[in-house]
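The sequence lines fix the lettering, A, B, ..., with proteins before strands; numbering per chain opens at 1.
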Amino acid sequence: MKKRNLSLLLVSAALMAACGTPQPNTMLDEARTEYQRLQTSTQAATVAPLEFKAATDALNRAESAWKDKEDTEEVNQLAYLAKRSVSVAELSAKQKAAEQIIANASTERDRVRLEARTAEADRAKLQAQQAEQQTQQAQQQTSAAQQEAAILQQQAQTAQQQAEEAKAKMAEMEKQLQTLQAKKTERGTVVTLGDVVFDTGKATLRSGSRRTLEKLANALKQNPNSKIMIEGFTDSVGSDESNQSLSERRAEAVKNALVDLGVNDANVTTRGYGEGYPVANNKTAAGRQMNRRVEIIISNDQNEVAPRTEQNGSASE
Amino acid sequence: MNKVSNSNVKSKLYGMIVAAAILGGCASTPPPNDLVLVAEAAVSDAAAAGASELAPAELKTAQQKLADAKKARDEKDQKKAKLLAEQAIADAKLAEKQARSVKAEKAAAALQEDLRILREELNRK
């Protein structure tokens with residue numbers, strides 16, 4: 001009885017060995033481990049799908065052979081080939097990653113170059129703008145300077161014109177004064193009106209003197225800015241006071257007559273010197289007549305006529 | 001240039017299909033002598049890809065297996081020849097892949113270095 005049980009036990013054990021879990025296989029374990037690493041630590045599944053599938057299929061084939069309890073040699077062979085397949089997939093993933101970098105590097109290089117060129121272009125543009133601004137400023141300055149110069153030139157021209165006009169006026173006045181026997185002295189041009197223009201012993205002007213005064217007035221109006229001094233003189237007959245008074249009133253009378261004829265009274269000053277500054281001998285009648293006179297002095301420039309002194313006094317010397 | 005002098009386009013294609021089948025775990029494979037020829041082609045391809053320099057150990061393994069496969073074939077041990085030839089093919093493919101992958105990584109590293117230098121140069125300006 002025991003012998004039969006034991007043999008039954010042996011048979012069932014043999015059967016169990018045949019139908020139960022297969023023997024562990026080292027090569028297949030290694031293949032499994034490597035495949036797991038391929039799955040979890042690499043991008044092979046996504047970047048190298050064909051090689052990844054091949055590795056998967058190879059492992060599956062080895063697993064099937066092992067599960068079906070095929071020859072150990074057969075299982076080992078398939079497991080070895082699966083390992084090689086996994087390695088190939090791993091390397092494919094690395095290669096693809098490198099190729100991606102190669103592809104990107106070209107784009108990246110272009111991008112970096114473009115950035116640098118753009119930055120350079122921007123810098124150049126900025127410099128050009130600044131240069132443009134400076135040029136504009138310089139031009140503006142030049143333009144302003146030119147305008148200033150033009151204004152100054154015009155001013156100079158105007159001044160010159162005015163000077164020439166003044167000169168012309170002066171010349172015209174001088175010309176006309178010459179017809180009145182004017183004499184040039186250091187105080188100015190002197191026109192002398194003789195005693196004959198006045199009523200005897202009075203400061204009233206005779207009608208016959210009108211033409212002379214008109215000529216004088218016209219000459220003076222040629223040069224309206226010139227300053228005029230009118231000085232009256234008498235002979236030595238009569239008192240100093242009455243002569244002083246007469247000489248002053250006669251000078252005034254000439255002034256009024258000239259002003260009535262249009263001469264600007266602001267430019268005219270009158271003075272009387274009485275018996276002073278005789279030009280002839282008071283002992284003769286002719287001499288006394290010569291002393292009875294009014295002198296009109298027109299200044300050489302725009303200034304007031306200089307006061308009479310002993311040095312510059314006489315017009316007839 | 002092509003080390004296997006008698007391999008034409010057709011047999012190259014045949015070799016590729018067989019190698020793919022081996023690496024893909026395909027059950028049925030060709031007769032042993034065909035496998036040895038395919039293995040020879042695969043080893044030659046690996047050498048052409050630069051494996052002697054970039055994957056020397058892997059190439060040596062493949063070459064050894066090939067030699068063993070030939071020996072087994074000559075000794076009329078069909079089964080052993082088949083097993084070794086299949087392994088040689090897989091080893092050669094690995095050696096070839098290793099060589100190509102290292103080449104690509106070197107090129108990538110060189111380009112990255114170039115880019116770094118370019119950046120430096122441009123930033124200096």
At under 4.5 Å between heavy atoms, what parts of residues 89-102 of chain A are in contact with chain B? List them by residue number.
A:Leu91, A:Ser92, A:Lys94, A:Gln95, A:Ala98, A:Ile101, A:Ile102
Name, in order of residue number, those residues of residues 77-86 of chain A that have a heavy atom at a distance of less than 4.5 Å from a heavy atom in chain B; otherwise write 'none'.
A:Gln77, A:Tyr80, A:Leu81, A:Arg84, A:Ser85
Check each atom of [X] against the heavy atoms of chain A and say whether the ones under 4.5 Å are side chain, backbone, both or neither.
X	result
B:Asp114	neither
B:Lys106	neither
B:Gln98	both

Counting only heavy atoms not in [X], do more than 12 fall under 6.0 Å of its [atom1]?
X	atom1	value
A:Gln43	CD	no
A:Gln36	CD	no
A:Gln154	CD	no
A:Met27	CE	yes
B:Lys80	NZ	no

Show the numbers, then the answer: is there a side-chain contact (heavy atoms from CB on, under 4.5 Å) between A:Glu73 and B:Leu83?
CA-CA 9 Å; A:Glu73 196 179 55; B:Leu83 287 175; 3.6 Å; yes
Within residues 51-60 of chain B, which positions have a heavy-atom distance to chain A below 4.5 Å?
none
B:Arg119 and A:Glu108: side-chain contact (heavy atoms from CB on, under 4.5 Å), yes or no, with the steps?
CA-CA 10 Å; B:Arg119 273 216 183 86; A:Glu108 195 61 16; 2.9 Å; yes
Which side-chain N or O atoms in residues 126-150 of chain A pair as donor and acceptor under 3.5 Å with protein atoms at least two apart or in another chain?
| unit_1 | atom_1 | unit_2 | atom_2 | d |
| --- | --- | --- | --- | --- |
| A:Thr135 | OG1 | A:Ala131 | O | 2.8 |
| A:Thr142 | OG1 | A:Ala138 | O | 2.8 |

Residue from B:Ala104, B:Ala20, B:Ser101 scoring the most non-hydrogen pairs under 4.5 Å with chain A is B:Ser101
Option in B:Gln112, B:Glu96, B:Lys93 with maximal non-hydrogen atom pairs under 4.5 Å from chain A
B:Gln112
Where do A:Val88 and B:Lys97 come nearest, in terms of heavy atoms and distance?
O-CG, 3.9 Å
Atom of B:Leu115, atom of A:Arg109 and distance for their closest heavy-atom approach:
CD1-CA, 3.5 Å
Does any backbone or side-chain atom of A:Arg117 lie under 4.5 Å from a heavy atom of chain B? Answer side chain, backbone, both or neither.
neither
